Chemist: 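After the structure tokens below, expect a handful of questions from me.
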Protein chains: 2
Amino acid sequence: MGRWQPGAQGRLQHAAMELIAERGYDRVTVAEIAERAGLTERTFFRHFTDKREVLFAGQEQFHAVILEALAATPVEMDALAAVVAGIAATGRWLDDERRPSSRARQAVIDAHPDLQERELIKLTRVSTAIAEVLRRRGVPDGEAALAADAGIAAFRLAFTAWVADPGEHDLPWHLDAAVEALRRVVA
Amino acid sequence: MGRWQPGAQGRLQHAAMELIAERGYDRVTVAEIAERAGLTERTFFRHFTDKREVLFAGQEQFHAVILEALAATPVEMDALAAVVAGIAATGRWLDDERRPSSRARQAVIDAHPDLQERELIKLTRVSTAIAEVLRRRGVPDGEAALAADAGIAAFRLAFTAWVADPGEHDLPWHLDAAVEALRRVVA
DNA sequence: TCGCTGATGTCAGCGACTGACATGCACGCT
DNA sequence: AGCGTGCATGTCAGTCGCTGACATCAGCGA
């Protein structure tokens, strides 16, 4: 066994969620999170650039899943359809088992402007990356950005509905519904 | 004459822009901004809730212009068309005279993730408010959110293009172009 | 003249975040 | 076995954003 307990990062995330559930995000200090995880404040900041970031770890995988699924899509496919197909791939990640924890996490985020800001910039970065892939496929600049943003807007709506949904439909279903609504609105 | 020089808030904004232009956003402390404005750090935080906020003052008016124009729109009008009409009203605000300062400001924001986060949440709040107006007009929940988000996406694209544009077209023109591109993408 | 208001100053303190340097197990190399 | 090196962590000191509590003092109305 190592000099240190393994899984420091995971312990920090776990400790953070616990403490936040007990007291709320802004009544928890980084030092306390680190202490509960058996570590130091300084070490916390070696694993997460930010206090907020402890709630967003794992988003890169999420990001990657979308981009892979998008890349796997046939090139002739309609830009928006391709984006939606990419986003739909998150359904494998955000399955029914994860719904309760997603709900809890989202409740924390919704209650804290700081965290909302972070969430928005993450989504924007995904959108930017999606647009870049589309451009490399020959989609014109503006259309690429709009297709990506439209896809993200649909995702946001679908995710909200999915989190609120007691279990009737899965995320891809809500995403389809959102895209239909989008077509209705823009048409 | 009063006990204090008038226009404290304006002086703080001015001092902030100067110092940021000289050194960059994160090499400027709030205390320095306040000092250049002939005030105290504490007073800075009485005028702006945040260090970032000094770059976003006046956004509420912006916000209000959009909502007023949206409200002034005929009720039978298509949801997205109404949103776009509301947003187009910012063209009166963001005229050719303001283009250089908008450009400078945007360059600062684009260089600092912190500021991007703030900008995104402001846009999201506008989007939320727009959606709420649409709902009160009878637009279904999801469609309202999507129409608002689509409008904001078009605005973002149009604004970027307008800022980069040396002076050929105004903001409403770019907005029209963006909406056309959006219809192309979603249709 | 007096007391109130409101913008500012002063002070002390917390908490997020950082740079520099120290520590000591584990693992590979000889 | 002995040795050196890497790497995750600890320690310490410091900066900066931000806040609460309290003081100050021109101007204004009663």
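Naming convention: chains lettered A, B, ... in sequence-line order (proteins, then strands); numbering from 1 in each chain. On a predicted model such as this, the values are computed, not experimentally measured, just so you know.
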Chemist: Check the distance between C/dG13's C1' and B/Arg42's CZ and give it to me in whole angstrom.
Modeler: 12 Å
Chemist: If only side-chain N and O atoms of B/His47 are considered, is one of them under 4.0 Å from the OP1 or OP2 phosphate oxygen of C/dT8?
Modeler: yes
Chemist: Could you check how far CZ of A/Arg46 sits from P of D/dG6, rounded to whole Å?
Modeler: 17 Å
Chemist: In whole Å, what is the span from the CD atom of A/Glu117 to the C1' atom of C/dA16?
Modeler: 15 Å
Chemist: Please report, rounded to the nearest Å, how far the P atom of C/dA7 is from the CZ atom of B/Phe48.
Modeler: 14 Å
Chemist: In whole angstrom, give the distance that lies between atom CZ of B/Arg118 and atom C1' of D/dG17.
Modeler: 12 Å
Chemist: Got a salt bridge between A/Glu117 and B/Arg52, using NZ or NE/NH1/NH2 to carboxylate O under 4.0 Å?
Modeler: yes
Chemist: In the structure I gave you, are the side-chain heavy atoms of A/Arg184 and B/Leu146 within less than 4.5 Å of one another anywhere?
Modeler: no
Chemist: In terms of side-chain heavy atoms of B/Lys51, which of C/dC17, C/dC11, D/dG17 is nearest?
Modeler: D/dG17
Chemist: Write down the distance between CH2 (B/Trp4) and P (D/dA26), rounded to a whole number of angstrom.
Modeler: 8 Å
Chemist: List in numerical order all residues of residues 10-40 of chain A for which some heavy atom is under 4.0 Å away from an atom belonging to DNA chain C.
Modeler: A/Val28, A/Thr29, A/Val30
Chemist: Any Lys/Arg nitrogen of A/Arg36 or A/Glu22 sitting under 4.0 Å from an Asp/Glu carboxylate oxygen of the other?
Modeler: yes
Chemist: Any donor and acceptor pair, going by atom type alone, linking the side chain of A/Arg98 with main-chain N or O of A/Trp93 inside 3.5 Å?
Modeler: yes
Chemist: So which heavy atom on A/Ala37 is nearest to which on A/Arg11, and how close?
Modeler: O-NH2, 2.9 Å
Chemist: Ion pair present between B/Glu53 and B/Lys122, side-chain N to carboxylate O less than 4.0 angstrom?
Modeler: yes
Chemist: From CD of B/Gln5 over to P of C/dT8, roughly how many Å is that when rounded to an integer?
Modeler: 11 Å
Chemist: Searching all strands shown, indicate the nucleotide that pairs with D/dA30 (Watson-Crick or G-U wobble; both distances under 3.5 Å).
Modeler: C/dT1
Chemist: Could you check how far CZ of A/Phe45 sits from P of D/dG14, rounded to whole Å?
Modeler: 19 Å
Chemist: Does NZ or CZ of B/Lys51 lie under 6.0 Å from the centre of the six-membered ring of B/Phe45, at an angle within 45° of the ring axis?
Modeler: no
Chemist: Closest approach to the side chain of A/Glu41, judged atom by atom: which nucleotide of D/dT9, C/dA16, D/dG20 is it?
Modeler: C/dA16
